[in-house]
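What you are looking at is a predicted structure, and each value in this text was computed from that prediction instead of being measured. Just so you know, ligand 1 is whichever comes first in the structure, and atom 1 is the first atom listed for that ligand.
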Amino acid sequence: MRIAIVGGTGTLGRRVAEELRTRGHEVRILSRHSPDHPVDLTTGAGLDTALAGCDTVVDASNSRGSAKEAERTLVAGTRNLLAAEQRAAVGHHVCVSIVGCDRVPVGYYRVKTAQERAVTEGPTPWTVVRAAQFHELLGEVFTLLGRLRVLPVPSVRLQSIACAEAARAVADAAERPPRLGRMEVVGPEPADARELARTWRAVTGRRALQLPVPLPGGVGRALRAGALTTDRPDVRGTVPFAVWLAGETAGR
Ligand SMILES: NC(=O)c1ccc[n+]([C@@H]2O[C@H](COP(=O)([O-])OP(=O)(O)OC[C@H]3O[C@@H](n4cnc5c(N)ncnc54)[C@H](OP(=O)(O)O)[C@@H]3O)[C@@H](O)[C@H]2O)c1
């Protein structure tokens, strides 16, 4: 198959691209800085040329800015992408989303829910793959905060997964026919973010004072109770955070 990966240079996208290439597919990497297929979701620039002849599109783009910027890339961008897919007769749109995003209606999660809606109401047959937080994201956040020698961590129940395992599930979805439904992909074990921060300190040996941060209101209650987790995932990864982190730390 010829598969376009929007955001194919990102944390998830580049692993999905590697996985699909290994499986013998022709993969096109689309992003603003892609040397071969430069596109901008917010304007639609480059999409018609980049999607010509593609069977499937995986949208692994992201925006790490404000919710407003995320809305421009992920919601308006999805509409631009779907319109281009229709012109190119693309048969399957795979949207990468987040487990429980619709149970936490604030900021970025609200944008992800709106992105899903654009896909499920859009013209291209679709699959939504909801992943839990990546171990890579937690590692990045703890490392950044740890530089300040303090780790302010709220109580949030997570089910984080190694990005490579999530990428395999996204690649599987791209190879199958459109599901017209969601699938959920999580790590092997749920854990509180505070427990994961303690694991990070123990495995990396970094000294940082861990501070509890209160998360007030209904959103805080929902996050503590596991709004970003699921008991019945379609795919459960096998690599716990501590094992993934030990591998990363040894590789440095
Ligand atoms: N990170 C997590 O823990 C996590 C967990 C679950 C689900 N997800 C979902 O997985 C997806 C990918 O996340 P990620 O963390 O892998 O993202 P990421 O590392 O931030 O990568 C974002 C990608 O999007 C591209 N991009 C950004 N703006 C663009 C634009 N206007 N037009 C075209 N391409 C654009 C970037 O390339 P250029 O800069 O070259 O444009 C890059 O390739 C997102 O949907 C996210 O919600 C992430």
- [ ] In plain terms, say whether Arg28 and Asp36 are close enough for a salt bridge, that is, a side-chain N and a carboxylate O under 4.0 Å apart.
- [x] no
Open item on the list: Nearest 0.5 Å, please: how far is CZ in Arg64 from CD in Glu69?
Closed with: 13.5 Å
- [ ] Carefully, step by step, assess Met1 and Glu26 under the rule side chain to side chain contact (heavy atoms under 4.5 Å, CB included).
- [x] CA-CA 6 Å; Met1 279 200 275; Glu26 183 185 329; over 6 Å; no
Open item on the list: What does the 4.0 Å heavy-atom contact list look like for ligand 1?
Closed with: Gly7, Thr9, Gly10, Thr11, Leu12, Ser31, Arg32, His33, Val39, Asp40, Leu41, Thr42, Ala60, Ser61, Asn62, Arg64, Thr73, Val96, Ser97, Ile98, Tyr108, Lys112, Ala131, Ala132, Gln133, Phe134, Leu137
Task: Electrostatic pair Arg14:Glu18 at N-O distance under 4.0 angstrom - done: no
TODO: Apply the salt bridge (charged side-chain N to carboxylate O under 4.0 Å, His left out) test between Glu19 and each candidate in Arg15, Arg23, Arg21; give the one that qualifies.
DONE: Arg23
Task: Connected via hydrophobic side-chain network under 4.5 Å: Ile3 and Trp126 - done: no
